[in-house]
4 protein chains.
Amino acid sequence: MADRPSPGRPGRKRSEESRLAILTAAMELTAEVGYAGLTIEGIAARSGTGKQTIYRWWPSKADVLLDALATKARLHIPVPDEGGYEADLRRFLGDTFELGSRPQVIDLLRALMAEAQINENFGERFREEFLRRRRDALGEILTRARARGDLPAGLPPETVTDIVFGTLWYRILATRRLPDRRLIDELVTALTGPTA
Amino acid sequence: MADRPSPGRPGRKRSEESRLAILTAAMELTAEVGYAGLTIEGIAARSGTGKQTIYRWWPSKADVLLDALATKARLHIPVPDEGGYEADLRRFLGDTFELGSRPQVIDLLRALMAEAQINENFGERFREEFLRRRRDALGEILTRARARGDLPAGLPPETVTDIVFGTLWYRILATRRLPDRRLIDELVTALTGPTA
Amino acid sequence: MADRPSPGRPGRKRSEESRLAILTAAMELTAEVGYAGLTIEGIAARSGTGKQTIYRWWPSKADVLLDALATKARLHIPVPDEGGYEADLRRFLGDTFELGSRPQVIDLLRALMAEAQINENFGERFREEFLRRRRDALGEILTRARARGDLPAGLPPETVTDIVFGTLWYRILATRRLPDRRLIDELVTALTGPTA
Amino acid sequence: MADRPSPGRPGRKRSEESRLAILTAAMELTAEVGYAGLTIEGIAARSGTGKQTIYRWWPSKADVLLDALATKARLHIPVPDEGGYEADLRRFLGDTFELGSRPQVIDLLRALMAEAQINENFGERFREEFLRRRRDALGEILTRARARGDLPAGLPPETVTDIVFGTLWYRILATRRLPDRRLIDELVTALTGPTA
DNA sequence: GACTAAACGAGACGGTACGTCTTGTCTTTCG
DNA sequence: CGAAAGACAAGACGTACCGTCTCGTTTAGTC
């Protein structure tokens, strides 16, 4: 993403106005013409900035969108202790689904996951700065569950995480059916089953 | 994909030689320069054919690869009756993993899934001609399991399918850890748990 | 132009129907889309023939048009003896202008003269089979005039021919003003002047 | 031809170096492969520039050549007053022939006149920016001649111009015999005859 | 020195037309 | 009558440019 220059050095300061105009233009254009139709030139034109300003701060259009997502969409999901593994899991899944219910956000996520497959460098940034954070949030819940002895045998936390996020992403990427309430129940069934 | 002309009509026949040269070149180039670096021009040059010949038969480079995958990689997975749900599932997952263990194939799948997100038309073809077939194969097993009463309560076949393929795809797309033997055991645990 | 095969040999005869369909299509298309927009593929499609049939008999689209001009437009101009150089000249110019007064024919001539500059081989054919015949017609008149002693001194027949056709072509190619009656008078003035 | 941007505005300046490289490459290539073999891609490759740079400033390959002709060949012909119509005319024709004696220039002129027939838009530019200037130069001489009363009766200046340039162009386009000294004498004879 | 603006070299894009080759059908002539 | 010859319509082939687009860079002038 964009580096912040160390303070106290000469030269004009980075224009926050331009930065926001670029992020806004990028999201709007993605909604209007799709990720494939999004271009750096288009972002520059729409935001009233120069191409060089974009290239100076972001390495690719996907990074602009990732920044926009982090800046614009409030992605943070708190993981309050609901008192038990099943309740925690249910709460986490509910919060996550809510977040992903905005179609614009879904389209953005699909585009970024796609770009991550194609562009190796961006893929690393996407995994580190987005996917890992979501895994860590679930990880917290699983750590608590393990401490309580609630985790079913034969299902290490890593695999639970793979199953949870895997199912969500697969519905989005491969079936175009958005996750819903019913899926929460069924996932909880599968992941807490043996101990119930 | 490519239409087959009805026989007995005038005009030169489609060159099977060119077709295979194109599919081969496409796969080789993807391995060498990556999907992002793959171009129609490159495929034409490598295969010794003309661009027009490619455009005549495939609408995009992703479709060439999808055809290559279907033609070259033997994707069909038989689903023999192993006698029980758990054994069937274990066999299906084992066969599937083996198939996807070739890194070349994995890279292809990642690229195609990515393209499916970005190119709506190709996405539809990819879902219909690739993803649905894999789902159907698993569906057969689940139908047998349901007939035997082996399916755990609260886990409809659709959701089992989402969980199985979701986990596999997520490992490939998001974590870059290829599915392995251990994952089979854990998935089987999660999906057959309650009946065990 | 098209060679005629020696008679009495085996094989299907050249189809006069196709030949005329091609010439007609070529002229129509030139009128509709201009010479630049004229293509062999278009002629084949319009005439309901195959491209190969065209390439078999004519080396270029310009040759098709040249053939069409010779076949369709009655280009022959008789040069009857009007009794004197000035009268002969006046008659010849009048007949020539009449011929070139059809805008379709003019456009064709412009295109062929243009192609003759660009395509060396066609240029030779155009000069031999079209331009030379027109020059020869005027040459007849000048031969008669010389016999009568009507030719002005210092103006060899070759140069008279250059001046006559040059002026006509120049009006067509460079000024887009079609030759008219007034021009006849003025040319006759210039070319018969000294003896008058 | 190329517009000149108003000064004092932001943005990179047009590269004069590229402009000249393009004009030079265009002339060289025309000499080497002929006008038909000349392509924008070839000019770009030879000149070490991008195609877009050519398309930015010239609408067609013919316009590049027209610019090259104007820039490289010193086309201006002064029309000093030689004291009389016949002397003026003789001087003008001599200067003109000298100019057109370089075969490279002749080939260029043939190509441009040809293109002007085929491409309507270029034709207009060619007539306005090239042909009209040559006509105007001769027009000056004829205006002087008229003031002196040297013009033969029955031969308006317009027609004299048509005859002079027509004969020159016809020799170039249709007979491939370059104009020479003898032609000057004969033209002068035809055009000044009655007053002599 | 960051900014907007714009030209630059590079090269892929989708497309068109070229001229050739292949296929199967339909004449024509001759053995 | 049947085989050989060749013209036919259809259409796929490899090739070459077209004109456009976007890339990422560079240069110029402004803030």
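Values below: all heavy atoms of this structure, side chains included; hydrogens, waters and symmetry mates excluded. Proteins come first, then strands; the chains are lettered A, B, ... in the order of their sequence lines, and each starts at number 1.
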K.L.:
On DNA chain E, check which nucleotide each of S60(C) and L38(B) is closest to and give me the residue with the more 5' one.
P.N.:
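Taking each residue's closest nucleotide, the earlier one in sequence belongs to L38(B).
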K.L.:
Can you name the closest pair of heavy atoms from L109(B) and L69(B) and give their distance?
P.N.:
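Heavy atoms only, the tightest pair is CD2-CD2, 3.7 Å.
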K.L.:
Tell me: CD of E17(D) to C1' of dA7(E), nearest whole Å?
P.N.:
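Rounded to the whole Å, the gap is 14 Å.
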K.L.:
What I want to check is whether an N or O donor and acceptor connect the side chain of R12(D) with the base of dT26(F) at under 3.5 Å.
P.N.:
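Side chain to base: pair found, below 3.5 Å.
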K.L.:
To the nearest Å, how far apart are R56(C) CZ and dG6(F) P?
P.N.:
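Rounded to whole Å, this separation is 11 Å.
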K.L.:
Provide the closest heavy-atom pair for A25(C) versus S47(C) in the form atom of the first, atom of the second, distance.
P.N.:
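In this case the closest contact between A25(C) and S47(C) is CB-CB, 3.8 Å.
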K.L.:
Using a cut-off of less than 4.0 Å, is there contact between a side-chain N or O of T53(A) and OP1 or OP2 of dT4(E)?
P.N.:
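For dT4(E), OP1/OP2 do have a side-chain N/O of T53(A) under 4.0 Å.
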K.L.:
Please report, rounded to the nearest Å, how far the P atom of dC13(F) is from the CD atom of Q52(C).
P.N.:
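In whole Å, dC13(F) P lies 17 Å from Q52(C) CD.
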K.L.:
How long is the span from the OG1 atom in T53(A) to the CD1 atom in I43(A), to the nearest 0.5 Å?
P.N.:
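With rounding to 0.5 Å, OG1 (T53(A)) is 12.5 Å from CD1 (I43(A)).
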K.L.:
Does a nitrogen or oxygen in the side chain of W57(B) sit under 4.0 Å from OP1 or OP2 of dC13(F)?
P.N.:
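Yes.
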K.L.:
Answer with yes or no whether K51(B) presents, from its side chain, a donor or acceptor under 3.5 Å of a partner atom in the base of dG14(E).
P.N.:
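Under the 3.5 Å cut-off, the side chain and the base do form a donor-acceptor pair.
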K.L.:
If I take atom OG1 from residue T71(B) and atom CD1 from residue I22(B), how far apart are they, to the nearest 0.5 angstrom?
P.N.:
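Result: 11.5 Å between the selected atoms.
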K.L.:
Which part of the nucleic acid, if any, lies within contact of T49(A), taking any heavy atom under 4.0 Å across all strands shown: a base, the sugar-phosphate backbone alone, or nothing?
P.N.:
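If one applies the 4.0 Å heavy-atom cut-off, T49(A) turns out to touch the sugar-phosphate alone, with no base involved.
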K.L.:
On DNA chain F, does the nearest nucleotide to G37(D) precede the nearest nucleotide to S47(B) from the 5' side, or the other way round? Give the residue.
P.N.:
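Whichever sits nearer the 5' end wins; that is S47(B).
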K.L.:
Please confirm whether the shortest side-chain N or O distance from S18(A) to OP1 or OP2 of dT4(E) is below 4.0 Å.
P.N.:
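Affirmative; the distance criterion is met.
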K.L.:
Between R19(A) (CZ) and dA2(E) (P), how many Å, whole number?
P.N.:
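My rounded result for the distance is 16 Å.
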K.L.:
Between R14(D) and dA6(E), is there a contact of a side-chain N or O with OP1 or OP2 at under 4.0 Å?
P.N.:
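R14(D) to dA6(E) OP1/OP2: no side-chain N or O under 4.0 Å.
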K.L.:
Could you pick out which residue, G11(C) or G48(A), lies toward the 5' side of DNA chain E when each is mapped onto its nearest nucleotide?
P.N.:
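Its nucleotide being nearer the 5' end, the pick is G48(A).
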K.L.:
Identify whether NZ of Lys or CZ of Arg in K61(A) sits under 6.0 Å from the centre of the six-membered ring of Y35(A) and within 45° of that ring's axis.
P.N.:
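Yes, a cation-pi geometry holds between K61(A) and Y35(A).
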K.L.:
Looking only at side-chain N and O atoms, does K13(B) come under 4.0 Å of OP1 or OP2 in dG24(E)?
P.N.:
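Indeed, a polar side-chain atom of K13(B) lies that close.
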K.L.:
In whole Å, what is the span from the CD atom of E41(A) to the P atom of dT25(F)?
P.N.:
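Going from E41(A) (CD) to dT25(F) (P), I get 13 Å.
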K.L.:
May I have the distance from I40(D) (atom CD1) to dA16(F) (atom C1'), rounded to whole angstrom?
P.N.:
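Computing the I40(D):CD1 to dA16(F):C1' distance gives 14 Å.
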K.L.:
Taking the nucleotide of DNA chain F with the closest heavy atom to each, which residue, A44(B) or T39(A), is nearer the 5' end?
P.N.:
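With A44(B) and T39(A) compared, the 5'-side residue is A44(B).
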K.L.:
Using whole Å, report how far CD1 of I22(B) lies from P of dC13(F).
P.N.:
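Value for this atom pair: 8 Å.
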K.L.:
How many Å lie between NZ on K61(D) and C1' on dA16(F), as a whole number?
P.N.:
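The distance from NZ of K61(D) to C1' of dA16(F) comes to 13 Å, rounded to the nearest Å.
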